[in-house]
Amino acid sequence: MARMKFICDAERCIECNSCVTACKQEHEIPWGVNRRRVVTLNDGQPGERSISVACMHCSDAPCIAVCPVDCMYHTDEGVVLHDKDLCIGCGYCFYACPFGAPQFPQAGAFGLRGKMDKCTFCAGGPEKDGSPEEFAKYGRNRLAEGKLPVCAEMCSTKALLGGDGEELANIYRQRVMARGKGAELWGWGTAYGPGGAQQRKRGS
Amino acid sequence: MNKSRIAALGAALVAFGALGACTENPQLIEGQRMGHTVVDRDTPPWQGEPLPFQTQYTRGDEKSWEKQLTKRVQGQNEYIRIGG
């Protein structure tokens, strides 16, 4: 069983924002909602680094723990999804998330929040796979189509990798060995804990 | 005696009816289980009818789906793609 994860290689990310654009285009994300965004540290300074950030689909997801209506869940592949029919837009998940992943479309005047929206690892939601209802609420279900998240597959420098955690770790290890630096994976420990690549199955 | 019995029975009935309002209807939709993080209503991604834009894997066959995803993951490894 695959255990889906993201890796962003800060040595490679060039802040082109193609992951952001691809995500918005693929899922027809409304204005004001960014499921993925690129964060640049020390912009313009020596040692500047950029990373692409979205929901990391944490192994022990704090958003799931705090959701008062229990609308969030893990799939067997380790993807954190949510049910928009249950979401009340309270914003607890936003406060709990270490990556700022949950997004809330404006639903009216005076900052009224709509239902939470976030990266689905291109895995849709509880609706029937590939159905118009699923697309309208969660975007395209590429995982059911046998594809990986569009942000990772579109990344021009392959800084962003998505897929089974163990295979990604092997790719990254080979890359680090070849270039001899940049072994740090930002967010990896926060999302998956120490030795995250070894967590093959939920609960193991 | 008989009157007091009837009065007691009536009081019991009223109390039973009043306490009936204290019940709580279940607020979970079908398939959802509080305290768990897996919603049963979601199906695995490889199950279901063939999709219009799916890649070359057999829908319904988990092994086939996993093989296809492994192929896609390795497509992100340029050390394999360019033979470096």
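Every chain is numbered from 1, with letters handed out A, B, ... down the list of sequences. Keep in mind it's a predicted model, so treat the numbers as computed, not measured. Reckoned from all heavy atoms, side chains included, excluding hydrogens, waters and symmetry mates.
Residue contact with chain B, scored on non-hydrogen atoms closer than 4.5 Å, is absent for A/A61. In this structure, the portions of B/T70 lying under 4.5 Å from any heavy atom of chain A include both its backbone and its side chain. Only the side chain of B/Y57 comes within contact range of chain A, with at least one heavy atom under 4.5 Å from a heavy atom of that chain.
Counted within 6.0 Å of CG on A/N17, heavy atoms from surrounding residues, nucleotides or ligands total more than 12; the atom is thus considered enclosed. Applying the 6.0 Å contact sphere to NZ of A/K158 captures more than 12 heavy atoms from other residues, nucleotides or ligands. Atom OH of A/Y92 is surrounded by 12 or fewer heavy atoms from other residues, nucleotides or ligands within 6.0 Å. For A/F94, the CZ atom sits in a loose shell: 12 or fewer heavy atoms of surrounding residues, nucleotides or ligands are nearer than 6.0 Å.
Here the CD-CG distance, from B/Q54 to A/N141, works out to 11.0 Å after rounding to the nearest 0.5 Å. Going from atom CD1 of A/I171 over to atom CD of B/Q74 covers 4.5 Å, rounded to the nearest 0.5 Å.
A/M4 is listed as a side-chain neighbour of B/L69, based on a closest heavy-atom distance under 4.5 Å. A/L148 places a side-chain heavy atom less than 4.5 Å from the side chain of B/Q76. Between B/E49 and A/K128 there is a side-chain heavy-atom pair separated by less than 4.5 Å.
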B/F53/A/R142 under side-chain contact (heavy atoms from CB on, under 4.5 Å): CA gap, chis, key distance, verdict | CA-CA 9 Å; B/F53 300 107; A/R142 289 173 57 88; over 6 Å; no

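A donor-acceptor contact shorter than 3.5 Å links the side chain of B/W65 to the backbone of A/L143. Of the possible donor and acceptor atoms, none in the side chain of B/T55 sits under 3.5 Å from a partner among the backbone N and O of A/K147. Put simply, the side chain of B/R59 gets close to the backbone of A/A144: a donor and an acceptor are under 3.5 Å apart.
Chosen from A/L161, A/L160, A/N170, A/L168, the residue pairing most often with chain B at heavy-atom distances under 4.5 Å is A/L161.
Between A/E167 and B/R72 there is no salt bridge, since none of the side-chain N atoms of the basic residue sits less than 4.0 Å from a carboxylate O of the acidic one.
For the pair A/D129 and B/L51, the tightest heavy-atom approach, listed with the atom from each and the gap, is O-CD2, 3.5 Å.
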